[in-house]
Protein chains: 2
Amino acid sequence: MSDQKIRNMEHFSAVCGISRPTVSKYFNDPESVRKSTREKIEAALKKYDYRPNIYAVNQNRRQTKNIGLVVPNLTDPFFAGIARTIEGLIVEAGFNPLLLSSHGGPEHEIANLDSLRSIKPAGVLLAPLGRASLEDQVAEFANEVPTVLFDANLGDVGEAYFGSDNTQSISLIVDYLCRSGEPPVFFEMKAPINPNAYKRRTAYKAAMGRLGYEPHLLQVDGQGWNFEEIGFREGARILTGRQLPTNTILCSNDRLAIGLLSAAFENGFKVGLGAEASLRIAGHDDHPFSRFTCPSLTTVSQDYEAIATRSVETILSLIDRGGRMQTREETLFEGKLVMRGSA
Amino acid sequence: MSDQKIRNMEHFSAVCGISRPTVSKYFNDPESVRKSTREKIEAALKKYDYRPNIYAVNQNRRQTKNIGLVVPNLTDPFFAGIARTIEGLIVEAGFNPLLLSSHGGPEHEIANLDSLRSIKPAGVLLAPLGRASLEDQVAEFANEVPTVLFDANLGDVGEAYFGSDNTQSISLIVDYLCRSGEPPVFFEMKAPINPNAYKRRTAYKAAMGRLGYEPHLLQVDGQGWNFEEIGFREGARILTGRQLPTNTILCSNDRLAIGLLSAAFENGFKVGLGAEASLRIAGHDDHPFSRFTCPSLTTVSQDYEAIATRSVETILSLIDRGGRMQTREETLFEGKLVMRGSA
DNA sequence: CGCTGTTATTTACGCGTGTAAACATTGTGA
DNA sequence: TCACAATGTTTACACGCGTAAATAACAGCG
């Protein structure tokens with residue numbers, strides 16, 4: 001590695017002994033130049049520390065190589081995990097991921113889209129906040145920039161949507177709970193931010209009806225994204241208060257269940273399957289921490305590998321074909337039952 | 001809002017009725033132009049949707065307004081939280097944060113620094129992996145770009161370091177544990193990746209010595225960042241195996257403690273303070289989830305507000321004065337005891 | 001009113017790259 | 001050996017903005 005500083009592509013092409021346009025061609029696609037030329041350039045790259053100025057490149061390219069990735073809340077390990085997977089896939093495809101979190105706030109979500117605008121991304125993968133999203137503004141963005149939604153759907157915004165099949169997954173766990181004990185009540189927030197929550201509620205009612213049971217909703221107050229806190233506080237209220245019609249509680253998501261488990265523990269309930277247990281608790285999502293709750297949480301895992309993979313594939317082909325789909329694709333992936341100690 | 005598209009600053013300055021260089025001046029600092037001019041520009045901004053091309057701007061400015069923010073692992077809610085706080089502070093200061101996670105991998109850490117290089121950030125806030133970091137390459141980066149370390153120190157890399165005072169915090173909780181029951185053994189990984197872990201080990205030994213007790217280390221095997229998993233697996237082994245010299249276990253961090261609590265639960269140990277409990281467990285960090293463990297986890301909170309604030313202040317003043325400090329600052333912030341149910 | 005210092009305009013150039021067109025060179029196969 | 005296609009070079013322009021220098025307009029003041 002020589003310590004001579006390369007000023008720009010002109011300079012670099014000079015030390016290569018090759019013209020600048022050819023070097024430019026090389027950086028856009030190494031395969032597009034003759035083998036002997038490629039080798040000369042790569043030898044020089046080993047020797048000198050040069051890389052094209054990204055700002056000059058992006059100013060002149062028709063498209064940047066940037067792909068925006070917006071998740072509702074990075075503090076939630078579930079989203080941190082899926083973001084990581086997606087980032088990896090984007091990098092593999094030769095693009096540059098830009099990760100932004102909306103921190104649970106609709107204004108923040110719009111601010112994220114706004115700052116993505118100035119970066120002129122080739123495409124955007126967006127997991128919207130859901131009900132709280134400022135749909136008009138999100139739709140406007142998706143109109144300007146090729147956008148694929150995942151995790152939560154939002155009207156017909158974007159060119160495609162990939163998420164979980166809540167009907168299937170909730171049906172699956174309701175079925176399991178009924179077969180292995182008493183039919184579950186459904187623990188959820190009264191006004192959830194997430195549209196999946198509504199689908200899960202409906203799916204719960206349908207599943208219970210199909211099995212010949214009366215559905216029973218425990219709808220608790222609570223705002224925002226502090227699900228564990230809400231599950232804990234409202235769970236304690238419910239457990240110590242009125243009588244439940246059954247010993248089994250299915251939570252709308254794992255984070256509520258984690259809070260509820262904590263409340264059950266504090267109030268002396270023994271949670272689990274065995275005869276000595278007085279309560280069964282199940283969740284939904286297979287949150288990274290649900291393996292380590294006490295007892296470990298029975299839940300349904302989302303197929304987030306599939307969601308990530310298909311979302312990335314779709315945005316890439318979308319970019320490839322110039323930004324628009326003929327029809328909006330909506331694909332839901334099935335969940336898998338994860339049987340653990342809590343139910 | 002007119003729907004006429006503004007092509008560039010030239011065009012925009014035309015509809016403003018002001019020259020382009022003046023408009024350029026406005027965008028660099030709105031206060032630098034006459035009030036009447038400012039009002040004209042702002043009126044036009046309301047009417048037309050224009051913002052300077054970020055690539056053209058950054059190509060010509062001596063400095064970009066970008067500040068890189070690299071954390072070791074975004075999947076860990078602790079880092080997600082501190083990253084969020086830091087992001088907010090950076091935005092407030094009029095800069096543009098770029099969040100990257102090293103996903104626990106040294107090569108990934110270097111790759112992150114490398115991709116930051118091409119973005120030419122004005123400064124970088126780096127929470128390094130620690131022992132696993134490729135120190136030479138990190139140091140080389142810090143030599144090129146004004147860099148402030150936080151959370152984990154790394155030789156004398158960077159212009160400053162802000163972190164927790166492990167000596168104080170460990171001493172604090174050892175003190176508490178000894179006053180409230182039996183003196184603790186120290187549960188940790190044999191070869192931790194985090195340099196803080198070594199400081200905590202040393203601090204534990206010193207604190208025990210000071211109080212007249214024999215220190216006792218439980219050093220378990222385990223690689224990587226799956227601390228809960230390691231805490232669970234090795235915790236189960238320890239709890240069901242050899243006799244412990246005491247009923248109190250202090251974990252090197254909360255994530256190990258979360259795993260250990262889970263293992264204790266599975267193996268029928270009753271954890272807590274009361275007479276009926278057979279085990280006490282404490283952690284370190286006040287992880288977001290430690291409020292919801294069963295029982296809730298007694299721990300020491302890190303003053304991450306202070307770490308975040310001082311780190312950002314420092315990188316900003318560093319940028320302001322041209323990138324170099326006269327001396328490398330190292331400041332440690334005190335932890336606070338968080339007494340909960342587990343010890 | 002004219003002076004003075006501040007702010008805006010005009011003009012001009014530079015940043016580092018993409019890209020198109022015309023032309024030159026190279027390698028290939030008949 | 002020649003023709004042909006593929007690849008490289010040369011030349012030239014464009015992108016959208018920062019910035020400097022010279023000049024012009026302005027506000028405030030006595």
Side-chain angles (χ1 to χ4, degrees), chain A residues 4-45 48-66 94-96 117-122 319, chain B residues 4-45 48-66 94 96 117-122:
Chain A
Q4 187 187 355
K5 262 290 167 210
I6 302 289
R7 290 185 307 278
N8 52 32
M9 194 181 281
E10 190 80 52
H11 188 181
F12 181 69
S13 71
V15 305
C16 286
I18 291 176
S19 74
R20 190 182 64 75
T22 305
V23 172
S24 171
K25 244 184 119 192
Y26 167 85
F27 279 109
N28 282 317
D29 177 12
E31 297 301 313
S32 71
V33 303
R34 196 191 298 152
K35 184 145 168 280
S36 63
T37 311
R38 185 163 57 241
E39 281 162 357
K40 272 199 257 179
I41 295 177
E42 277 161 3
L45 273 179
Y48 304 97
D49 175 37
Y50 167 75
R51 74 190 72 193
N53 179 310
I54 201 174
Y55 297 112
V57 169
N58 281 329
Q59 183 175 11
N60 294 300
R61 251 211 267 273
R62 309 187 192 291
Q63 285 236 40
T64 68
K65 282 284 198 178
N66 297 328
F95 284 77
N96 177 231
R117 251 188 269 257
S118 37
I119 283 161
K120 303 184 189 299
I319 291 169
Chain B
Q4 189 187 353
K5 262 288 167 213
I6 302 289
R7 290 185 307 277
N8 52 33
M9 194 181 279
E10 191 80 52
H11 188 181
F12 180 69
S13 71
V15 305
C16 286
I18 290 175
S19 74
R20 189 182 64 75
T22 305
V23 171
S24 170
K25 246 185 117 191
Y26 168 84
F27 279 108
N28 281 318
D29 176 12
E31 298 300 314
S32 72
V33 304
R34 196 190 299 151
K35 183 146 169 279
S36 63
T37 311
R38 186 162 58 240
E39 281 162 357
K40 273 200 256 179
I41 294 177
E42 278 161 2
L45 272 179
Y48 304 96
D49 175 34
Y50 167 75
R51 75 190 72 192
N53 180 309
I54 201 173
Y55 298 111
V57 168
N58 281 329
Q59 183 176 10
N60 294 301
R61 252 210 268 274
R62 309 187 191 291
Q63 286 237 34
T64 68
K65 283 284 196 176
N66 298 328
N96 177 229
R117 250 189 269 256
S118 36
I119 282 162
K120 304 183 188 300

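Lettering follows sequence order; numbering is per chain, from 1. As a basis for the values below, the full set of heavy atoms in this structure was taken, side chains included, without hydrogen atoms, waters or symmetry mates.
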Between A:Val23 and B:Arg38, which is nearer to the 5' end of DNA chain C once each is assigned its nearest nucleotide? B:Arg38
Residue A:Pro21, side-chain atoms from C-beta onward, closest of C:dT17, C:dA20, D:dG18: C:dA20
Rounded to whole Å, the CD-P distance (A:Gln63 to C:dT19) equals 11 Å
When rounded to whole Å, the CG to P distance for the pair B:Asn8 and D:dA14 reads 13 Å
From the options D:dG8, C:dT7, D:dG18, select the nucleotide whose nearest atom is closest to the side chain of B:Arg34. C:dT7
Want to settle it: does B:Asn28 or A:Thr37 sit nearer the 5' end of DNA chain D, counting the closest nucleotide to each? A:Thr37
Would you say D:dC17 has OP1 or OP2 under 4.0 Å from some side-chain N or O of B:Tyr50? yes
Among C:dT9, D:dT9, C:dA8, which nucleotide sits nearest the side chain of B:Ser19? C:dT9
Which of D:dG18, D:dA12, D:dA14 is nearest the side chain of B:Asn60? It is D:dG18
Rounded to whole angstrom units, what separation is found between the CD atom of A:Gln59 and the P atom of C:dT19? 13 Å
Remember a base hit wins even if backbone is also touched, and classify A:Asn58 as base, sugar-phosphate or nothing at under 4.0 Å, heavy atoms. nothing
Send over the distance from B:Met9 CE to D:dG16 P, rounded to a whole Å. 12 Å
Is there side-chain contact between B:Met9 and B:Tyr50, with at least one heavy-atom pair below 4.5 Å? yes
A:Pro52, nearest nucleotide to its side chain (from C:dT9, C:dT17, C:dA12): C:dT17
Can you work out whether A:Arg20 or A:Lys35 has the more 5'-proximal nearest nucleotide on DNA chain D? A:Lys35
